[in-house]
Amino acid sequence: MPPRPLAAPRQRSFDELEIPLRDVTFCAVDLETTSGSWKTGEIVEIGAIKSRGGETLGTFETFVQPSVDLPVEIQLLTGITPIMLSDALPLPAVLPAFVEFCGTSVFVAHNARFDKSFLDAACRRLDYEISAAPIVDTVRLARRILRNEVRSCGLASLSRHFQTAHKPCHRAFPDAAACLEVLWALIERGAAYGITTLADLLQIQSVRSNPHFEKVKLARSLPTTRGVYVFENAQREVIYVGKAANLRARVRSYFTADERKRMGDLRAEIDSVRVRHCGTDVEAAAVEARLIERYSPRYNRAGVRRRAPVYLKLTDDRHPRIAVSKTHRDDGSTYIGPFSSTARARSAAGTLSGLHGLRTCTLRLNGTPHEPCALYAIGSCHGPCTGRDTTRLR
């Protein structure tokens, strides 16, 4: 019976990725190929090692018989010879077992785009669905976490830096094993940046280079609860106040995911962060507003377009209506508000008009009868425009 193809790929939700790294199953993979491009090359060796919490769960190692001759330069680089491949199975016979071995574990590789491109091309060619498992690239992680510690983020360089037991040698399994050791070393080092879950790991590796990435450590000890955060500069001046459903994730995003231009200046000034837990969104909004009013932080004002408040006014005529007013004058009229926007004011006007039976049209009532609108037909307006009702509303 032929093996069952992989399930259709599905994007995992953020909640599904909030799993502690000690509970994540990683599968480190390395391939040796006949060329550097999946469009022209073929896989000749697959090596993989699966691990969770530092414990090895299984290994996979096999040669693959290519349909083309093995280039001399690949033989010199890897030490693999045509004789070593003579008894190997072709990819259609190898891929099902490898797919089964990987399962839904997190795909790990050094320069993962290279290995994943060959495997995805093989899956397409052999009618397998492409896996949607998360991908961790140890090159990208090293560039973020080590930064100035190493000159090169090549696998050999990182292996020497972390003194891994397995040494990369351009062979699939030793390189995969070295990659896995490098991953665990990076995870251990990443704890200083607050990297404790798979979601943290995936987010950190996607960070664009910025000079203030080190400040992500400020989020390390923050709670994951709802609340308000306060950024201070070195002089303990409050420079920004914000609210968040997850305080640690939101503060971390300023140094990992927030690409707004004006945030660069803010990041440069941040020296410390204070937080306050709030039980509800309403409480968080109220605390945020009070703190902004108290401290007038520079970066809360920068780039924020303030709208002038609007009001509702009861017009003084025989058949009054509620109108939106941009001013609040001391003219004896009844005003309601303020409202933060015209849209909100109009919504409130519609509700109040319906409750009190006030007209909502803007017609000038000069005694000339008009054809009533649909609101009169359904009983939502007493229809002063028809001229049939001259009773003044109170």
Side-chain angles (χ1 to χ4, degrees), residues 1-12 16 24-52 56-75 77-140 155 168 170-177 179-180 183 202:
M1 179 181 295
R4 185 178 61 183
L6 286 173
R10 180 180 64 87
Q11 182 68 40
R12 296 193 181 192
E16 289 179 297
V24 177
T25 300
F26 294 101
C27 185
V29 178
D30 187 77
L31 306 178
E32 300 303 328
T33 62
T34 60
S35 76
S37 172
W38 63 269
K39 296 179 181 178
T40 58
E42 295 187 25
I43 299 171
V44 296
E45 187 179 28
I46 302 175
I49 179 169
K50 194 152 56 173
S51 173
R52 182 173 59 241
T56 298
L57 303 179
T59 61
F60 188 97
E61 183 178 9
T62 185
F63 286 121
V64 180
Q65 180 69 254
S67 62
V68 296
D69 292 336
L70 187 64
V72 174
E73 59 269 23
I74 299 300
Q75 296 182 44
L77 177 66
T78 65
I80 300 174
T81 65
I83 294 177
M84 298 167 67
L85 301 178
S86 60
D87 295 329
L89 295 173
L91 187 62
V94 173
L95 186 64
F98 178 69
V99 165
E100 185 69 23
F101 176 81
C102 291
T104 58
S105 54
V106 176
F107 184 91
V108 180
H110 201 73
N111 189 18
R113 180 181 296 180
F114 173 85
D115 302 274
K116 195 69 167 60
S117 67
F118 274 88
L119 291 172
D120 288 352
C123 287
R124 286 192 296 268
R125 188 166 61 252
L126 299 175
D127 200 25
Y128 277 80
E129 294 289 350
I130 295 173
S131 173
I135 301 172
V136 172
D137 190 335
T138 47
V139 172
R140 297 171 66 183
L155 185 57
H170 296 291
R171 289 295 302 274
F173 186 78
D175 286 13
C179 176
L180 184 63
L183 172 67
L202 296 176

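It should be emphasised that the depicted structure is a prediction, and the values quoted were computed from it without experimental measurement. FYI, the numbering just counts along the sequence from 1.
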Query - Lys50 (side chain) donor-acceptor with Phe101 (main chain) under 3.5 angstrom - result: yes
**Report entry** Exercise: identify the closest heavy-atom pair between Arg52 and Leu57
**Finding:** NH1-CD1, 3.5 Å
Query raised in the report: With a 3.5 Å cut-off and no angle check, do the side chains of Thr138 and His110 form a donor-acceptor pair?
Result: yes
Report summary line: Between Thr56 and Thr59, the two heavy atoms sitting closest are CG2-CG2, 4.3 Å
**Report entry** pair Val94-Ile46: side-chain heavy atoms closer than 4.5 Å
**Finding:** yes
Requested in this report: Would you mind reporting whether Phe98 and Val29 have side-chain heavy atoms less than 4.5 Å apart?
Outcome: yes
Query raised in the report: Distance from Tyr128 atom OH to Asp120 atom CG, nearest 0.5 Å?
Result: 14.5 Å
Query raised in the report: So, Glu42 versus Ser67: side-chain donor-acceptor pair below 3.5 Å or not?
Result: yes
Query - Minimum heavy-atom distance Ser131-Ala133, with the two atoms named - result: OG-N, 3.2 Å
Query raised in the report: Below 4.5 Å, heavy atoms only, C-beta onward: do Val108 and Leu180 meet side chain to side chain?
Result: no
Query raised in the report: Taking C-beta and beyond as the side chain, do Phe107 and Asp115 meet within less than 4.5 Å on heavy atoms?
Result: yes
Report summary line: Distance col, row Glu45:CD vs Thr34:OG1, nearest 0.5 angstrom, shows 13.5 Å
Query raised in the report: What distance do Phe63 atom CZ and Leu89 atom CG have between them, rounded to the nearest 0.5 Å?
Result: 12.5 Å
Report summary line: Note: Val64 and Pro90 closest approach over all heavy atoms is CG1-C, 4.1 Å
Query raised in the report: In terms of side-chain geometry, is the basic nitrogen of Glu32 or Arg171 positioned less than 4.0 Å from the acidic oxygen of its partner?
Result: no
Query raised in the report: Any side-chain heavy atom of Arg125 within less than 4.5 Å of one from Leu91?
Result: yes
Query raised in the report: Would you call Ile49 and Cys27 a side-chain contact if the rule is heavy atoms closer than 4.5 Å?
Result: no
Query raised in the report: For Lys39, does its backbone N or O pair with a side-chain atom of Ser37 as donor and acceptor, under 3.5 Å?
Result: yes
Query raised in the report: Hey, are Thr40 and Ser35 close enough side-chain-wise for a donor-acceptor pair under 3.5 Å?
Result: yes
**Report entry** Between CZ on residue Arg113 and CZ on residue Arg140, distance to nearest 0.5 Å
**Finding:** 7.5 Å
Requested in this report: Quick one: pull up CD1 in Ile43 and CD in Gln65 and give me the separation to the nearest 0.5 Å.
Outcome: 13.5 Å
Query raised in the report: Does the Asp30 side chain pair with the main chain of Phe173, one donor and one acceptor, at a distance under 3.5 Å?
Result: no
Requested in this report: Find the distance between CD1 (Ile80) and CD1 (Ile74) and round it off to the nearest 0.5 Å.
Outcome: 9.0 Å
Query raised in the report: Checking side-chain contact (heavy atoms from CB on, under 4.5 Å) for the pair Leu202/Val136: CA distance, chi angles, key distance, verdict?
Result: CA-CA 7 Å; Leu202 296 176; Val136 172; 3.9 Å; yes
Query raised in the report: Is Leu183 close to Phe26 at the side-chain level, that is, under 4.5 Å between some pair of heavy atoms?
Result: yes
Report task. Describe, in one word, how the ring planes of Phe114 and Phe118 are oriented to each other, choosing from parallel (under 30°), tilted (30 to 60°) and perpendicular (over 60°). Result -> tilted
